[in-house]
Amino acid sequence: MALSDYEPVIGLEVHCQLKTRTKSFCACPVVFGAPPNSAVCPVCLGYPGVLPVLNREMVTLAMRVALATGSEIQERSVFARKNYFYPDLPKGYQISQLDRPLAVGGHVPVRTSGGERPIRLSRIHLEEDAGKLMHEFPWDDVPTGASLVDLNRAGTPLIEIVSEPEIRSGDEAWDYLNRLRRIVRYVDASDGNMEEGSLRCDANVSVRRKGAVPLGTKVEVKNLNSINHVRKAIEHEVERQAGTLDRGGAVVQETRLWHPETGTTRPMRSKEEAMDYRYFPDPDLGTLEVDGEWKQGVAESMPELPDARVARLVLQYGLPLADADTICLSRPLADWFEAAALAHPSNPKGVANWLLSELLSRIGDADRQAGRVPLAPAALARLVARIDDGTISGKIGKELLPLLIDSGKDPDELIREKGLVQVTDEGEIRGVVEGVVGANPQQAAAFRAGKTQALGWFVGQVMKASGGKANPAIVNRLLKERLEQG
Amino acid sequence: MSAVDRLLDGPAADLARAVREREVTAVAVAEKALGRVRAAADRHGSYLWFAEDLALAQAAEVDRLVEHGENFPLAGVPLAVKDNIHVETLPSTAGSKILAGFVAAESATCVRRLVAAGAVVVGKTNCDEFGMGSSNESSAYRPVKNPWDPERVPGGSSGGSAAAVAARSAPLAIGTDTGGSVRQPASLCGLVGWKPTYGRVSRYGLIAFASSLDQAGAFARTVEDAALAFREMAGEDPRDSTSLRTPVPDVLGRMKKGVEGLRVGLLLEAEAEGGLAPDVRKSFEGTAELLRKAGATIVEVSVPRVPMAVPVYYLVATAEASSNLARFDGIRYGARRGDGDLASVYTGTRSAGFGPEVKRRILLGTFALSAGYQDAYYGRAERVRALLRRDFDAAFLKVDAILCPTSPETAFRFGAKTADPLQMYLADVFTVPASLAGLPALSVPSGLSSEGLPIGMQFIGPVDSEPVLFALARSVEEGAGVWTLKPPDAL
């Protein structure tokens, strides 16, 4: 049998750090890159005698994600303690939710070979993050082999978004994560940055014979630090499991770690070593009640969601679907585009083309996500407008772009300064045409003998002679007339 | 005997009045009280840590503000605080070696409220480790002697607070009550002791034992003092999500109205459970008679699941404790043991830091929550707990309060129950039901046994019935008159 005889069954558990100002259960600020243990207090340090008080902003942001994915927010949900010992877990338990999560159901669509398909969500629940262990430090007074604990992250708000096992390939997982990331960013719930850990993903992977109903044995894959790694790890794991079954072996239920250096997964712990977290309802917090008013307030503050925006951009500006999708990569980028398009309403498609082909190619993913386009929307709008009204040619426009970016000047100003206004005066152009044709009798004869390609060569020469400023359409027409005259 | 000495032997209310009216200064009271605290620590082991600097500073502040006309209800009243309740700048060990050296950065909300009312913290009192015990013999530091008979236990777990007040080192003490840890030692030491409706007093600053049961309460020699402490300690706290937001009921106003017309139910199960010491039974019957004469209607009432309360309590409380005590891992504070790998730090710290009773309960609770057993133990216990609440709801359709002995017997001798933990647990049979149901309850001295040991009666009422409970206790106090007696081994 071959790999293609097996169907992968994949479910993703995504941890998403919420962009609250303060931590889940205390007033400490949520900070990144601050000196170790500088954003801590007795509550998030797990000192004796302290009590957690829920940060309502955490719930509000989680509700935004729930609403954006069509997940049903529960009127009552319950915090539970997940008990285990680890130095980065100050209380010896993590406050999470188990059998009564904040939201259930919902879906995230993914693109597949057969079109779009919704991946259903089983739940979205609230929990707090743990701290971090440090094994390498810049200080030389730490004994060799020691580990230190930084609890700045302890108590940072998270949601866990759990999908049903409906993903069928690494590509689908890749698309699911991109879509999910775009959603959490659009609703301003999270930075959604996998590399920085504000988005984390574990994958549950199993395979079964195509057409088989029962699920295969599940393996949990951890240490997936980018969306691309998720795809690679899943592809590897599917291949490994299919190979094992093909050789007559059995897949072992276990947790495996992805090793990006080797591109393989390796066992971390077996089912027998699985932890018993002894979950029980947290008596310090009671039931979380979300009333209609709260929910409605959140619903009313929701921004336009990415899929809806893509559809609107197609309709409103006549963009091709793929272009609209790229522009809607992030809310700031789409906002940038719309600002530019509205500043040059007669040609939004032209604005989109310039943005996609000339500007985005100059910036990396982080800048695209942040909408950090190196030009003001109004500047691009004016540049395109000047091409559209014939003031400059498209070619000049392209040459002008780096200068615009570097100088930050207004396009009109720069066009004037550089004397780049296009020449449309037919008498002036005719003079240049006469000169070029007169100086090249052989080429002119060749054209008249039927070698029509020579026209292109003449256009090039005329443009060159005019310093690129001659209007190409006029050049073309006048050259043709002149050459055909003989 | 000086005026200050006489005031320290009397009720807190009288002492506060004297300080308010500037008959004595709070500083003079504090100085005298601090001497008594040292003496009580030596004599009974009731204190673990002393608060000289803090007490004198707080007393000076009280004097200063009294001069400016401030009308503190507890002006200059020396306050003893159980060692599992934080007081800023003082050690806070919960009677455990694992917290040796730990100093609280800020005071518990209930302490802050009492200090704001004029109270002066004089010391931290001994207790069973993490509040786990009924005799104070589980303190990691030393046992506490009962001032009524130094060969007997003061009860627990707030035994130090009870002995401190009984010995006259402070007129007021606070403790925590998870399954009876204020009421039972109050009973064994001849004091008034109460636990509030769950959520009425903030838990912020209490070192947690079992969060769904823990409440702070107070010890006093008179019902009025106890009620005063309730009024000052009770109230919403934004730092405790389980604190009640409803208005605090007025206990002092109701207390003056007497008990006429109140319906009091004698707990049928108190008799049926057997094990009542004869003197305790006699006092139970005598208290009923006394209340009848005062105008209350006495009926019998059943709370059928009371016999299940002890097993339910020891599953719920230990389950929560196993989680609450996980933070004592030697990583961030407290005494760390073990070196090398992480496992040795954990096992070294916890093996050396926790005493045998705490270990027993952590293991019990861990088991009760384990996969495969959770539903049969913790889950079932929570279901029975819900049914017990319903039993109480039904009972309170018929009566305003339930009367039963606080403890089946009077203070027992050291070592009498230490060999058999189950015997110790059964001593809580009458106190744990109110804890599980989140109901207010108090213990009031109702008489002395033939051996001269105090007997306490407990009133349990529905949510927010504290005014009725204090009124009933006042009636018993007047009738029994135990509060006027000084324990033989008092200072």
Engineer: Looking at His86(B) and Val50(A), would you say the former's side chain and the latter's main chain have a donor-acceptor pair under 3.5 Å?
Structural biologist: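 It does not hold such a pair.
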Engineer: Side chain, backbone, both or neither: which part of Asn324(B) has a non-hydrogen atom closer than 4.5 Å to chain A?
Structural biologist: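 Contact with chain A: backbone and side chain both.
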Engineer: Atom CZ of residue position Arg337(B) - does it have more than 12 heavy atoms of other residues, nucleotides or ligands inside 6.0 Å?
Structural biologist: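 Open: at most 12 neighbouring heavy atoms sit under 6.0 Å from CZ of Arg337(B).
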Engineer: State, to 0.1 Å, how close Arg327(B) and Pro90(A) come at their nearest heavy-atom pair, and which atoms those are.
Structural biologist: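 Closest pair (atom of Arg327(B), atom of Pro90(A), distance): CB-O, 3.6 Å.
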Engineer: Does any backbone or side-chain atom of Tyr373(B) lie under 4.5 Å from a heavy atom of chain A? Answer side chain, backbone, both or neither.
Structural biologist: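 Neither; nothing under 4.5 Å.
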Engineer: Who wins among Arg239(B), Glu106(B), Glu382(B) for the most heavy-atom pairs under 4.5 Å with chain A?
Structural biologist: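 Max contact count across the listed options: Arg239(B).
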Engineer: How about residues 202-216 of chain B versus chain A: which residues have heavy atoms under 4.5 Å apart?
Structural biologist: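 Counting heavy atoms that sit under 4.5 Å from chain A, the residues of residues 202-216 of chain B involved are Arg203(B), Tyr204(B), Gly205(B), Leu206(B), Ile207(B), Ser211(B), Ser212(B).
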Engineer: What distance separates Glu320(B) CD from Phe280(A) CZ, expressed to the nearest 0.5 Å?
Structural biologist: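 Taking CD in Glu320(B) and CZ in Phe280(A), the distance rounds to 5.5 Å.
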Engineer: State whether the number of non-hydrogen atoms from other residues, nucleotides or ligands found under 6.0 Å of Lys97(B) atom NZ is greater than 12.
Structural biologist: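 Enclosed: over 12 neighbouring heavy atoms sit under 6.0 Å from NZ of Lys97(B).
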Engineer: Does any backbone or side-chain atom of Tyr277(A) lie under 4.5 Å from a heavy atom of chain B? Answer side chain, backbone, both or neither.
Structural biologist: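 Contact with chain B is absent: no heavy atom of Tyr277(A) under 4.5 Å.
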Engineer: Heavy atoms under 4.5 Å from chain B: which residues of residues 71-85 of chain A carry them?
Structural biologist: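 Heavy-atom contacts from residues 71-85 of chain A to chain B are Arg81(A), Asn83(A), Phe85(A).
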Engineer: Given that the side chain runs from C-beta out, which part of Pro52(A) has a heavy atom under 4.5 Å from chain B: side chain, backbone, both or neither?
Structural biologist: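 Interface part for Pro52(A): backbone (N, CA, C, O).
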Engineer: Enumerate by number any residue of residues 341-351 of chain B whose heavy atoms lie under 4.5 Å from heavy atoms of chain A; in the absence of such residues, state 'none'.
Structural biologist: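 Within residues 341-351 of chain B, near chain A: Leu342(B), Tyr346(B), Arg350(B).
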Engineer: Heavy-atom pairs under 4.5 Å with chain A: which of Ser241(B), Ala326(B), Ser323(B) has the most?
Structural biologist: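 The option with the most such pairs is Ser323(B).
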Engineer: Looking at Arg380(B), I'd like to know if its CZ atom is crowded, meaning that more than 12 non-hydrogen atoms belonging to other residues, nucleotides or ligands lie closer than 6.0 Å.
Structural biologist: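 Atom CZ in Arg380(B) is not packed in, count stays at 12 or less.
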Engineer: I'd like to know which of Ile85(B), Asp240(B), Thr366(B) tops the heavy-atom pair count under 4.5 Å against chain A.
Structural biologist: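 Top count of heavy-atom pairs under 4.5 Å with chain A: Thr366(B).
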Engineer: Using non-hydrogen atoms and a limit below 4.5 Å, what part of residues 123-141 of chain A faces chain B?
Structural biologist: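 Near chain B, by residue number: none.
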Engineer: Counting C-beta onward and ignoring hydrogens, is there a side-chain heavy-atom pair between Leu99(B) and Pro48(A) closer than 4.5 Å?
Structural biologist: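 Yes. Closest side-chain heavy atoms under 4.5 Å.
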Engineer: Taking atom CZ of Phe354(B) as the centre, does the number of heavy atoms from other residues, nucleotides or ligands within less than 6.0 Å exceed 12?
Structural biologist: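 Result for CZ/Phe354(B): enclosed.
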Engineer: Walk me through it: do Val149(A) and Arg332(B) pass the test side-chain contact (heavy atoms from CB on, under 4.5 Å)?
Structural biologist: CA-CA 9 Å; Val149(A) 191; Arg332(B) 297 169 311 288; over 6 Å; no
Engineer: Mind checking whether Tyr333(B) and Tyr47(A) have parallel, tilted or perpendicular rings, split at 30° and 60°?
Structural biologist: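 The rings of Tyr333(B) and Tyr47(A) sit tilted, inter-plane angle from 30° to 60°.
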